[in-house]
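Everything below concerns the one structure shown next.
Because only heavy atoms are used, hydrogens play no part in the values below, and waters and symmetry mates are left out as well, while side chains stay in.
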Amino acid sequence: MSINLHRLVTEGRNIASENIDQLSTAEMLKVINDEDKKVALAVEAILPEITQAVEAITATLTQGGRLIYSGAGTSGRLGILDASECPPTFGTSPEQVIGLIAGGHRAILQAVENAEDNEEQGAKDLQDIHFTAQDILVGIAASGRTPYVLGALAWAKQCGAVTIAISCNAQSPMADCADIALSAVVGPEVVTGSSRLKAGTAQKMILNMLTTGAMIRSGKVFGNLMVDVEATNQKLIQRQKNIVMDATGCQAEDAEAALSACNGQCKTAILMILANLTAEEAKRRLTQHKGFIRSALASSENK
């Protein structure tokens, strides 16, 4: 795809940092920090579109579909990071949220810059994981015109799946292609064209919202507690106990006993204590209410 990079906001010169190489370290960092302050406002401007995206992702996950990220370079790594953090935080299976990156696994650790120009590979990587209309695709690219991601978006649309595009340029080819366009226009970077900076921060903020919002809507948060967290180390074992105590007001020994009875399932332990149920009863009640503690509690109170 031929395009004049100078027309892209993400490739523009930033007047505020034109002489950044001549500043003191403190002055340099203030310029960077002042520019970073603009990122949250750019994300705020597209909250209605992010809302649509969260609702679409929630619907997909609720119906057993998968959330797939497709990106290149920094954007691809951010997608993989977000996907990899869902299982320990929300107890999802590794197959439910998947990050794909141009250049494959090697590109996670080192740049494979030419890989992003392969439009066909973007589609093939989706085919390799058996992507279907039941899944949802989020394409991520600061420029909004990366061929690898465009190839993935085109294939997903051909499959009949919902598509979302995250970019930092308005009216980009990705935005035109996707069902939902999340275009956070953060302006030129402090170092011209280095989209790992403000653009990368905006993308990370949006990805945080997409998965956190969808997981909350899916019943994986009670109050503001991550009640499906997996205890994979000593810190998380203590966190589970703290979550049960915070959710129920019980003592530490009661939290430990409940967690032990249900094999370390926070959500089950909380319902056991609040509704005075056995582990088996609590598990059954949660299954009936699709994992939502509040619904399970309401059901218990009505009996």
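The backbone N or O of Thr132 sits less than 3.5 Å from a side-chain atom of Asp135, completing a donor-acceptor pair. Between the side chain of Ser17 and the main chain of Ile20, no donor-acceptor pair closer than 3.5 Å is present. Without hydrogens or angle criteria, Ser172 side chain to Ala175 main chain gives a donor-acceptor distance under 3.5 Å. Checking side-chain atoms of Lys220 against main-chain N and O of Phe90 turns up a donor-acceptor pair under 3.5 Å. With hydrogens and angles disregarded, a donor-acceptor distance shorter than 3.5 Å links the side chain of Gln240 to the backbone of Val229. Between the side chain of Asp246 and the main chain of Leu225, no donor-acceptor pair closer than 3.5 Å is present. A side-chain donor-acceptor contact under 3.5 Å links Glu189 to the backbone of Ala199. Under the 3.5 Å distance criterion, the side-chain polar atoms of Arg77 are matched with a main-chain donor or acceptor of Ile108. A side-chain donor-acceptor contact under 3.5 Å links Thr287 to the backbone of Lys283.
Between the side chains of Gln121 and Asp125, a donor-acceptor pair is found at a separation under 3.5 Å. Under 3.5 Å, the side chains of Thr58 and Glu55 contain no donor-acceptor pair of N or O atoms. Between the side chains of Thr232 and Glu230, not a single donor N or O lies within less than 3.5 Å of an accepting N or O.
A salt bridge links Asp179 with Lys157: the distance from a Lys NZ or Arg NE/NH1/NH2 to an Asp or Glu carboxylate oxygen falls below 4.0 Å. Taking a cutoff of 4.0 Å between a charged side-chain nitrogen and a carboxylate oxygen, Glu35 and Lys198 qualify as a salt bridge.
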_side-chain contact (heavy atoms from CB on, under 4.5 Å) evaluation trace for Met215 with Leu61_ = CA-CA 9 Å; Met215 296 304 166; Leu61 298 181; 4.1 Å; yes

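Taking all atoms of both residues into account, the shortest heavy-atom contact from Gln203 to Ile166 is CG-CG2, 3.9 Å. Of all heavy-atom pairs spanning Arg66 and Ile98, the tightest one is NH1-CD1, 4.1 Å. Looking at every heavy atom in both residues, Val149 comes nearest to Ala72 through CG2-N, 4.4 Å. Residue Asn169 comes nearest to Leu8 through the heavy atom pair OD1-C, 3.5 Å, listed as atom of the first residue, atom of the second, then distance. Between Ala83 and Val97, the closest heavy-atom pair is CB-O, 3.5 Å. Closest approach of Ser70 and Tyr148 over heavy atoms only: OG-CE2, 3.3 Å.
Counting heavy atoms of neighbouring residues, nucleotides and ligands inside a 6.0 Å radius, atom CD of Gln171 does not exceed 12 of them. Counting heavy atoms of neighbouring residues, nucleotides and ligands inside a 6.0 Å radius, atom CD of Gln234 does not exceed 12 of them. The number of heavy atoms from other shown groups lying within 6.0 Å of CG (Asn276) does not exceed 12. For Leu41, the CG atom sits in a packed shell: over 12 heavy atoms of surrounding residues, nucleotides or ligands are nearer than 6.0 Å.
The shortest side-chain heavy-atom distance between Ile68 and Val138 does not fall under the 4.5 Å cut-off.
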